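Each ligand, and each atom within it, is numbered from 1 in the order the structure gives. If you read the sequence from its start, that first residue is 1, and numbering goes on from there. On a predicted model such as this, the values are computed, not experimentally measured, just so you know.
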Amino acid sequence: MTRTLGPARADRFATLLPTPRSVTPAEGEFVVGYRARVVGGGDAARVLVDHLRNAGGVRIVDDPDAPAITFHDDAGLAPEGYRMRVRDGGVDVWAADPRGAHWAVQTLLQLLPDEVFGPGPMEPESLRAPACDVEDAPAMGWRGSHVDVARHFLPIADLHRHLEVMAMHKLNVLHLHLTDDQGWRVPIARYPRLTEVGAWRPGTVPGHQPPPDENDCDDVDIHDEVPHGGHYTVSELRGLVEHAGRLGIDVVPEIDMPGHMEAAIAAYPELGCTEVRHPRTCFGISEHVLALTESTLDFCRTVLDEVMAIFPRVPIHVGGDECPSREWFADERTLATMREHGLTTGAEAQAWFEDVICRHVLERGRRVIAWDEVLEGGVPEEVIVMAWREHEVIGRAARAGHDVIAAPGAFTYFDHAQYDEGEPLAIGTGLTLERVAGFSDVLDALAPAERERVLGGQFQLWSEYVHSWARAEHLLWPRGCSMAQQCWAGTADGAHTVDELVPHLRRLTARGVRWCRPREEA
Ligand code: ACM
């Protein structure tokens, strides 16, 4: 039986996500067909070719008579911006930089049938895009997805898979939380025990824990006795960085310090104020933090230098969150450091540490990022503050002279389930798509001078209750679609409900993404 293939449907324009700045429909359609020519475009063109070949079986030829997709430079366009002209005779893309070309490709793919995002096979004749002119550029330069690979180790293949889905949404930063109390995931040549010892814990305390107000529970003996851990190799991480780069994405590493360091202290007890037996088996905020000494600073500097070599050019995140100072006042070596530098409070001591560490990264020509707790004692003005607690912190960080990445927990902590009922165990519930849409309202409420300091936004996936990538995808999507829309288009329009997102979610289904289906109302 022969299938009749209808013309490309002009209502594809309404399905584009994130929404381009302007789309002007024109007459006709571009048919890719069995053979196509791709001219210029570098990595972006290769992404396009991969989809056309893999899903559509298209042969890429050098024949001037074949339908052509042609990439051009236009230095006059905004960073990451692009123009695209789709006509019967061919597609032309103009971009000022490689990322602009990438995002044009993603828009072109979205104009084609959803199956182009899947494994195929497709009828090449079905690869049709409605004619149009697109002009587009992002509202925000930082459009991030954070993944915690420390609480639960997530295999590298899952991160590669995530990069591809991020690119579909024009997200441009993968923030990897590589170290925490429960596990250390990045090899450091000078400190091999970080991965030999710090990457493995003997078990995990089951259920939702720790109980509220018992953050420093050391009840490691009631864990499930299932060893958990793993780490990436340097070459795997380099491969991830390369793959990300080929998709227009940066991978930003985080080494969380001086708190959240129990795994490192388990590997090298001299780093800590008290001994710990092994990486932490429960969650919550640990009191077991780095001692403040010259030798722990040396350790941190060495780790950061090795990390900077694995992740070239990008900003480096140095953590700085949730660092209780109680142990510092009981540790003779830390007290000596505090006396030497005239530090009397925990906030002053942490500020001293942050100053040394942040300047070390800055002196190597990198930008440095820290969680917003660092505002309490102060950090150099050049530090980018990642604002996660109450959303007023965004304005406070901006007024203190910092660039800010908005990651307000109430809207962007996707470790909280989307629904109150019927979900697997999560750290909390009720972070609905409608609520995620409130992220834009938070930014809109800023004074213009504060808003100017906001580089962009990102959504976080902490992994206390995330053991597999299937679970991760369930938490990430469709809420990640909403954040992508808000960071690119500057508005949550079209992303308030699953119903609004359904035409786009078909692409995720084609890609095999296990996005969270709506629950029936109870
Ligand atoms: C954080 O959620 N502790 C940054």
Side-chain angles (χ1 to χ4, degrees), residues 142 144-152 173-185 208-210 212-217 252-264 279-280 282-290 315-325 346-347 350 353-354 357-358 368-377 379 383-394 396-397 402 404-417 426-429 431 435-436 439 442 455-466 472 475-476 479 483:
W142 184 288
S145 169
H146 152 290
V147 180
D148 169 11
V149 292
R151 268 45 173 271
H152 279 99
V173 180
L174 173 61
H175 166 182
L176 277 189
H177 184 79
L178 283 166
T179 65
D180 216 302
D181 299 312
Q182 295 80 6
W184 186 284
R185 311 293 177 214
H208 198 288
Q209 48 79 31
D213 307 325
E214 286 184 40
N215 267 337
D216 189 31
C217 65
V252 169
E254 178 186 354
I255 306 298
D256 202 349
M257 55 179 80
H260 291 277
M261 270 282 174
E262 223 179 295
R280 193 170 169 83
C282 62
F283 303 122
I285 302 171
S286 171
E287 299 260 0
H288 307 316
V289 303
L290 287 184
I316 302 296
H317 198 310
V318 295
D321 59 323
E322 298 176 328
C323 182
S325 57
Q350 183 169 345
F353 173 89
E354 301 297 349
I357 291 303
C358 292
V368 60
I369 308 172
W371 295 108
D372 66 53
E373 281 92 333
V374 298
L375 290 171
E376 275 149 40
V379 270
V383 174
I384 301 168
V385 171
M386 190 166 272
W388 72 278
R389 296 179 296 173
E390 67 283 4
H391 50 264
E392 291 74 15
V393 172
I394 300 170
R396 182 144 64 84
H402 298 282
V404 188
I405 296 161
F411 304 93
T412 68
Y413 268 37
F414 291 177
D415 50 337
H416 289 247
I427 199 156
T429 60
L431 181 46
R435 182 147 182 82
V436 175
F439 172 78
V442 168
L455 303 179
Q458 90 175 19
F459 49 98
Q460 324 337 294
L461 188 72
W462 299 102
S463 64
E464 282 92 335
Y465 306 98
V466 180
L475 289 161
L476 287 167
R479 293 179 297 186
M483 279 298 289

Need the ligand 1 atom indices (1-based, order shown) with element for anything under 4.0 Å from a heavy-atom of W462.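 It comes down to these atoms of ligand 1: 1 (C), 2 (O), 4 (C).
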
Taking 4.0 angstrom as the limit and counting only heavy atoms of Y413, give me the atoms of ligand 1 inside it, by number and element.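 Selected atoms, number and element: 1 (C), 2 (O), 4 (C).
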
Is [X] reaching over with its side chain to a backbone N or O of [Y], donor-acceptor style, under 3.5 angstrom?
| X | Y | answer |
| --- | --- | --- |
| D415 | L461 | no |
| T412 | A407 | yes |
| D180 | G183 | no |
| Q182 | C282 | yes |
| R479 | F414 | yes |

N/O separation below 3.5 Å, E373 to ligand 1: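 Looking only at distances, the answer is no, because the N/O contact criterion of under 3.5 Å is not met.
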
Return yes or no for this condition: an N or O of E322 is under 3.5 Å from an N or O of ligand 1.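 Indeed, backbone or side chain, E322 has an N or O that close.
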
Write out the residue and atom name of the closest protein heavy atom to atom 3 (N) of ligand 1, then the distance separating them to 0.1 Å.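 Among all protein heavy atoms, the one nearest atom 3 (N) of ligand 1 is D321 OD2, 2.7 Å.
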
